[in-house]
2 protein chains.
Amino acid sequence: MSGIAEVARLAGVSKSTASRALTGTGYVSESTRLRVIEAADSLRYVASTSAVSLATGRTQNIGVLMPYVTRWFFAEVLEGIQDALLARDLDLTLYDARHGTEGRHRIFEQFLARKRFDGLVAVGLEPGDDELERLVALNRPMVSVVGAGDGTSVIEIDDDDAARRATDHLIALGHRHIAFVGGTADGHWAQVDRRRWAGYRGSMSDAGLSAETLHVPSDVSLPGGYAAAVDLLGDARTRPTAVVATCDEVAIGTMIAARRLGIRVPTDLSVVGIDDHEYAEMFGLTTLEQVPREQGATAVDLLLRHIDDPELPPSVVRLHARLIMRTSTAPPSGTGSATFLDSPMGDTGMPA
Amino acid sequence: MSGIAEVARLAGVSKSTASRALTGTGYVSESTRLRVIEAADSLRYVASTSAVSLATGRTQNIGVLMPYVTRWFFAEVLEGIQDALLARDLDLTLYDARHGTEGRHRIFEQFLARKRFDGLVAVGLEPGDDELERLVALNRPMVSVVGAGDGTSVIEIDDDDAARRATDHLIALGHRHIAFVGGTADGHWAQVDRRRWAGYRGSMSDAGLSAETLHVPSDVSLPGGYAAAVDLLGDARTRPTAVVATCDEVAIGTMIAARRLGIRVPTDLSVVGIDDHEYAEMFGLTTLEQVPREQGATAVDLLLRHIDDPELPPSVVRLHARLIMRTSTAPPSGTGSATFLDSPMGDTGMPA
DNA sequence: TTGAAAGCGTTACCAT
DNA sequence: ATGGTAACGCTTTCAA
């Protein structure tokens, strides 16, 4: 409870001087500064954030807005953001705005309007028109990680390129029947999936495989990928020899489905994902790596620069996803050569 | 920017009256109340949270302290908390205090001391002595979800009982060689694992199987369970016929390892988990269900009651975990009868 | 280099 | 039922 007044009294100075000494703003002689700091320590003084905010107009707090917190990518980004914030002494208030929930509605209608933050980082948000309107009305610096960057700064991987290279990889191995699994099953395409689907088609088209293009709708989750793959792989005669999954969760669901169906990966089916998910190594999944944790940290860096300088023009950071080859991809069977890769950590030497 | 003063002016009343009308505190005639509210709406007035906090001493904000945000249980609890908070117009500031990080240190040393919250919910925290000291020094209401409830309120399932019933289930099926997989591999036991390990041993002991007791250390994660199981199941002669996993992630890792090794589940190996994880159904995993989302919501309810009434004595809510039987458990092979359960959604009719 | 005093935007007490 | 005013705890001119 002890306020700065007590600290000042104990140090034998005025509140103003105490404030200056503690915040490091303005002139204070070295000796009194030390005295004030010592007094503050001995009283275990901690400035009241609400008083500071009221006086300075800064909340020392950053808002994080995301549509999930349960999916790998989002949780990782969140931790990256938290780490960066922690290092800069900034608090984090979370707005978990799940699509179609009453909570999301309230977040946009009321919570954000409170402006309890100096800036906002939005992760994979895909806001509706009215939501977007609320966002701009806030008039606060904002950075997106994966997002509809309508004039705001954005950090994301090059999704089109990632999917294209995933597909290129399969084509280079000799595959021609390659399916794309992803794009949510309920008919609504997430923008990320749309871009990856475009990349896949681009690659197929470049290889003269436009006619072979196949979209298998799937919820963006492991069980979603599993269900979609069971459906896709059921009939051996129509089965593709390879799958590009929209993300690793879907890819892994696909691999599990394949195993259950007695289809060997990569002998009978090659699978590529995008992410380098926590489980990717264990499954030997070939994938295009992104590091969401770093994206979160980068977003914070950029946001703080926007806060410092409101004139800073928005920038788009497009990251390159690196291809990590593991054991889920190989030439299609009948091509002769088998897998040419080393076994991953998790490989037991048994048939996959 | 428009403050309550403007609202008051527009409505033709004093700030005090405007405040009363808006907060619903004190006497205001119905007519002026309406007038004030209309004025506020037309000005898009939103009270400054820092000013309100400063004046009332209430932050309208709840802190959430957890050691991960990436694991299923924690993410689910977090969403449960967020939902409950959203419904009550309360903000959420997140403290992701991962063990052994610099960030965790700073959270306990600085961030919490700012007391930017009216109360705290700690999830699976297991604080060290010094950390605990900081926590009590805050002198703020606190509720734990799974935790070292040293005099504070706690919500959790009955871990001992859950593990005991998981083990009972296997014993009832005729198993005698049952291993317990869990308790982190680095030698440090989480308290939850310790309690579940105790429940397992209790069940074994009651069945006269004390000598059969076997602990297989594993990181508490899917890859952790996978790695532990590969190690455990390698030799067919020493292999147990059943496994009690400390949680579903470990259980599923175990099932995946078994399949890779050509060990059929449940024919050659039965597996039980604890959680009812998002993936449990897809894997046909028999498990003891808990609903972390509800635990989070309950924690918020309880915390708010503690905030309203500082005299409220701490309570311990011990939840019952319900056994959900799926297809990962069956009598040991050689016992005759095979699985007696229906196939789960995800079952393809193929050997597991 | 230091101090006095005026805010920052609310709420809440005390009169009226 | 309503208004005036102090208070919340800090920062920040402005003088000295």
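As the structure is a prediction and not an experimental result, all values here were calculated from the model. Reminder, nothing fancy here: chain letters follow the sequence lines and each chain counts from 1.
- Put simply, A:T32 has a side-chain N or O that comes within less than 4.0 Å of OP1 or OP2 on C:dT2.
- Side chain to side chain, A:T17 and A:S14 meet the donor-acceptor criterion of an N or O pair below 3.5 Å.
- Contacts between residues 41-55 of chain A and DNA chain C, defined by a heavy-atom separation under 4.0 Å, are made by A:L54, A:A55.
- Between the side chain of B:T93 and the main chain of B:G63, no donor-acceptor pair closer than 3.5 Å is present.
- Within 3.5 Å, no donor on the side chain of A:S14 pairs with an acceptor on the base of C:dA4, nor the reverse.
- In this structure, the nucleotide among C:dT11, C:dA5, D:dT2 sitting nearest to the side chain of B:Y27 is D:dT2.
- Taking 4.0 angstrom as the limit, B:S16 places none of its side-chain polar atoms (N or O) nearer than this to OP1 or OP2 of D:dT2.
- Note that A:R71 lies in the cation-pi zone of A:Y68, set by a 6.0 Å cut-off to the ring centre and a 45° limit from the axis.
- As a whole-Å value, the separation of B:L22 CG from C:dG9 P is 16 Å.
- In this structure, the CZ atom of B:R114 is 14 Å from the P atom of D:dC10, given to the nearest Å.
- In this structure, A:R35 atom CZ and C:dT1 atom P are separated by 14 Å, rounded to whole Å.
- Bending across the helix from C:dT1-D:dA16 to C:dT16-D:dA1, expressed as the angle between its end axes from five pairs apiece, amounts to 40° (10° rounding).
- When rounded to the nearest whole Å, the span between CZ of A:R116 and P of C:dT10 equals 14 Å.
- Taking B:R9 as the reference, nothing meets the salt bridge (Lys or Arg N to Asp or Glu O under 4.0 Å) condition, with sequence neighbours excluded.
- Side-chain nitrogen and oxygen atoms of A:S19 include none within less than 4.0 Å of the OP1 or OP2 phosphate oxygen of D:dC10.
- Rounding to the nearest 0.5 angstrom, the gap separating the CG atom in A:L319 from the CD atom in A:E156 is 9.0 Å.
- Nearest-nucleotide positions on DNA chain D for B:R33 and B:T56 put B:R33 closer to the 5' end.
- B:S29 and B:T32 form a side-chain donor-acceptor contact under 3.5 Å, judged by distance and modelled atom types alone.
- The distance from atom CZ of B:R20 to atom P of D:dG4 is 11 Å, rounded to the nearest whole Å.
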TODO: Quick one: do B:D301 and B:R88 satisfy salt bridge (Lys or Arg N to Asp or Glu O under 4.0 Å)? Show the steps, please.
DONE: CA-CA 10 Å; B:D301 284 347; B:R88 291 176 179 72; 2.5 Å; yes

TODO: Could you check A:R194 against A:D159 for salt bridge (Lys or Arg N to Asp or Glu O under 4.0 Å), going step by step and ending with a plain yes or no?
DONE: CA-CA 9 Å; A:R194 203 182 293 281; A:D159 290 300; over 6 Å; no

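- B:R140 places a side-chain N or O within donor-acceptor distance of the main-chain N or O of B:F117, the cut-off being under 3.5 Å.
- Rounding to whole angstrom units, NZ of residue A:K15 and P of C:dG7 are separated by 14 Å.
- Distance CD1 (A:I4) to P (D:dC8): 15 Å, rounded to an integer number of Å.
- Atom CZ in A:R58 sits roughly 11 Å away from atom P in D:dT12 (whole-Å rounding).
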